[in-house]
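Since the structure comes first, as structure tokens, the remarks are kept for the end.
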Amino acid sequence: MTEEKIFSGQEERILSEIKGNKNIAGLHGPKNRAFALLKRVQGQKPVIDIERGLYFTRSFKETEGQPMILRWAKALKYYAEQATVYIDDDQLIAGRIGRSGRYGILYPELDGDIMGDAIGQLPDRETSPFDIDGNDARLIAEEIAPYWKGKTFHEDLIKALTPKTAALTYNNDKDFSSRFIVNETASFRSSIQWVHDYEIVLQQGFFGIRTEMGEKLRQLDPFSPIDQTEKKPFIEAVIIVCDAITLWARRHAELADEKALQENDLSRRTELKNIAEICRRVPEYPARNFREAVQSQWFTQLFSRVEQKTGTVISNGRMDQYLYPFYEKDIKEGLITDNDVQEIFDCEWVAMSQYIDLYISSAGGAFNEGYAHWEAVTVGGQTPDGQDAVNDLTYVLLKSKREFPLNYPDLAARVHTRSTQQYLAEVAETIKEGSGFPKLINDEEVIPLLLAKGADFAEAYDYSVSGCAECRMPNRDTYTSPNAYINFAAALEMTIYNGRMAKYGSELIGIETGEIDTFTSFDEFFAAYLQQQKNFLKHAFIQQHEIIRLRANHFASPLGSALHKLCRSSLVDIHQPHIDGGIDLGYFEFIGYATVIDSLAAIKKIVFEDRKATLAQIKEAMTKNFAGYDILRQRLLNAPKYGNNDSYADELGKRLDKEALLFTRKYSAELGVNLDLRYVPFTSHVPFGKVVGATPNGRLAWTPLSDGSSASQGADTYGPTAVLLSNFATKNYQYHERAARLLNVKLSPACVRGEKGTKKLVDFIEAWRDLKLWHIQFNVINQETLIAAQKNPENYRNLLVRIAGYSAYFTDLSIDLQNDIIARTQNEAI
Ligand code: 8X3
């Protein structure tokens, strides 16, 4: 008898569609509005909308010579006056910042100078393509791009870098095409992921912030040069931006009124009138009910996207906390039901999913495959006074994610030692649905680290998840500089090739640490690798120093600053290098961790212990991409590997981690910020792999590196608990310079089947929590489904997979990334 195949909820839904069931809404109850909205946009190729880029350019032409923060505020005001406003048919939530369907907007202050040339290639780009209208392409070439030539941030950055740093960063000095070795990300985003203090908007409105600023304006010393030249423009800019967002919201109210007048359907007319009333009220004034609170938060988040490109998008913060008072009141008064709440959320999620983070630069595109997005909604965790924070709204948000199959928004569930079994079981059930939500973040690791960096308990307990796996304290966190992604597999390759790489032949890119036949012990080889590692860190920190120094000349964020208590009290823009009282939580990225560990372990074992090959032979095999070296490759593949709870490999990983931590301990202090060690790849492990030849762990040339702190693809053969234990064993808990470690685990639906499976998953989550690991995320899927989706993509357009802190449609991914996900170990038991 053949065993019954077990599928995840997502797989069942897709298989049912393949069989001809068109009513996917029916599978999840009456969600007709949300599904109708979704259907109109899902799977569409995104289109570029130029309004933001155009209006910013026109405004900037008029404000040359003025303080940057004022220029930014005026550009936002101009946008608010000029830009098209939208309310979609059937939508309950007003606001979109681009044309219908899925859209991306332009940030020419980042890449205007290369935009004219790059734009023509976007429709056919392999990763994350975009269409563009012919007339818009002409406006970019004739009006937008010429203005920004010579004015962008990356042009300044290239000039500032030392030649050695630049050689590790860019292919040449004419553009900023990345070498994917020591990769800066500040050229393709003006800020790292971020979370605003939405609570102040809901509680006081922009009118409240404007009033506070008016008071501060009156208090300025008319003779103080600082007050008059720095603080005054800040205040004026915040006042302008408060007016801008208010005006923009009111334009939506007017549109809703107009639409209501033309509407024949009575119930839709009532809805439109209600939308008009809400948009007249928020975000200017405090929200009075749940509907107003959601609209206010959405307007704020959306306008914030107009303000600046935070690669990975502005996160939603702790929605189950700041929306709860409105939810509780409306439920008590019988004004809404949980179904209404879910419908409102679903409407917001669709609106959110229409905005696609557009990267003009090829590096940006390659880092963000599958239209990456990280506007995480955080649920669970603890209240500022340390109580369990889970409430009824937490469960509504989890349910919404289970029932509405959409990649937006990302959902992050905080877990701690007093998380209830009920909460953990709901989290596990949501994971079992198979769309990759939620990712889990561990309070037991994050909170002590925030305290160690100077936070108060109340601030630390109240953190929000932001980006892939980052944790921000709105109102306390002040570091917005995008960070370096470092390809340490390239450092390993340079140890073999004496400072050179297979891809670049005889060009000396790293440092000369010795010809391969001069190493007489593993310790000598390992020391040489550590020198290469340290050299990469040195150049990453040089980059970061220049980035911190230059950014405020190019970017300002009056809206983001208005939503940060410390900026409002010191009257300093959030992009300035120093803000009094702030905690600067920045990072650098260790990419290819398992690739390096496994390569070192293989060399130690095969060359210096078993003496089955020499280093020179391994180098020779690498140059031939192992062609004709099958036996040697098998030996290397069979050597100890990270991810199997094997101390042979894990001890090496711990030493790499420690050396990187010691470096940042010393030099972060010099830069005056926290630059913590992080293992969070975006999708960089794919382009990074494309520049690295074959490696001594048996990996073939140009294939993806290992991702995050996960094991090399397929190398973890002792089950997922062994992966957790390796992760634990490689951490140096004595140093607070550590940050997120992204960890991917792939499970078959069969191994978490039924109630018993849920219980097993909860036990596994508790083990992860007790080991104080930072992050974990799951793909619950059958390998056959992934393979079928690769073969017949048209049937699997709705298949979501977990990538790196976000979920994306499998068929939107490049073949390399698809293969990478297929190659991850499929666990049949936990
Ligand atoms: C990864 C994105 O912005 O922290 O979460 O580099 S970022």
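Residue numbers start at 1 and run along the sequence shown. Each ligand, and each atom within it, is numbered from 1 in the order the structure gives.
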Atom 2 (C) of ligand 1: nearest protein contact (heavy atom, Å): Thr312 CG2, 3.4 Å

Ligand 1 contact by Arg678, heavy-atom criterion under 4.0 angstrom: yes

Enumerated ligand 1 atoms positioned under 4.0 Å from heavy atoms of Gln193: 3 (O), 4 (O), 7 (S)

N/O separation below 3.5 Å, Tyr485 to ligand 1: yes

Under 4.0 Å to a heavy atom of Gly467 - the qualifying atoms of ligand 1, by number: 5 (O)

Any donor-acceptor pair under 3.5 Å from Ser464 side chain to Gly317 backbone: no

Between Phe663 and Phe588, ring centroids under 6.0 Å: no

Shortest protein contact, atom 1 (C) of ligand 1 (heavy atom only): Cys468 SG, 3.4 Å

Nearest protein heavy atom with distance in Å, relative to atom 5 (O) of ligand 1: Glu470 OE1, 2.4 Å

Side chain, backbone, both or neither: Arg189 near ligand 1, heavy atoms under 4.0 Å: side chain

Close approach, Phe682 and ligand 1, non-hydrogen under 4.0 angstrom: yes

Straight-line distance of Leu773 CG to Trp768 CH2, nearest 0.5 Å: 7.5 Å

Region of Thr185 that comes within reach of ligand 1 [heavy atoms, distance under 4.0 Å]: neither

Asp443 side chain to Tyr461 side chain, donor-acceptor N/O pair below 3.5 angstrom: no

Axial cation check for Tyr667 ring with Lys538, 6.0 Å and 45° limits: no

Plane angle bin for Trp72 and Phe555 - parallel if under 30°, tilted between 30 and 60°, otherwise perpendicular: perpendicular

Working for ring pair (Phe, Tyr, Trp, His ring centres under 6.0 Å), residues Tyr642 and Tyr593: CA-CA 9 Å; Tyr642 167 76; Tyr593 188 46; 5.6 Å; yes

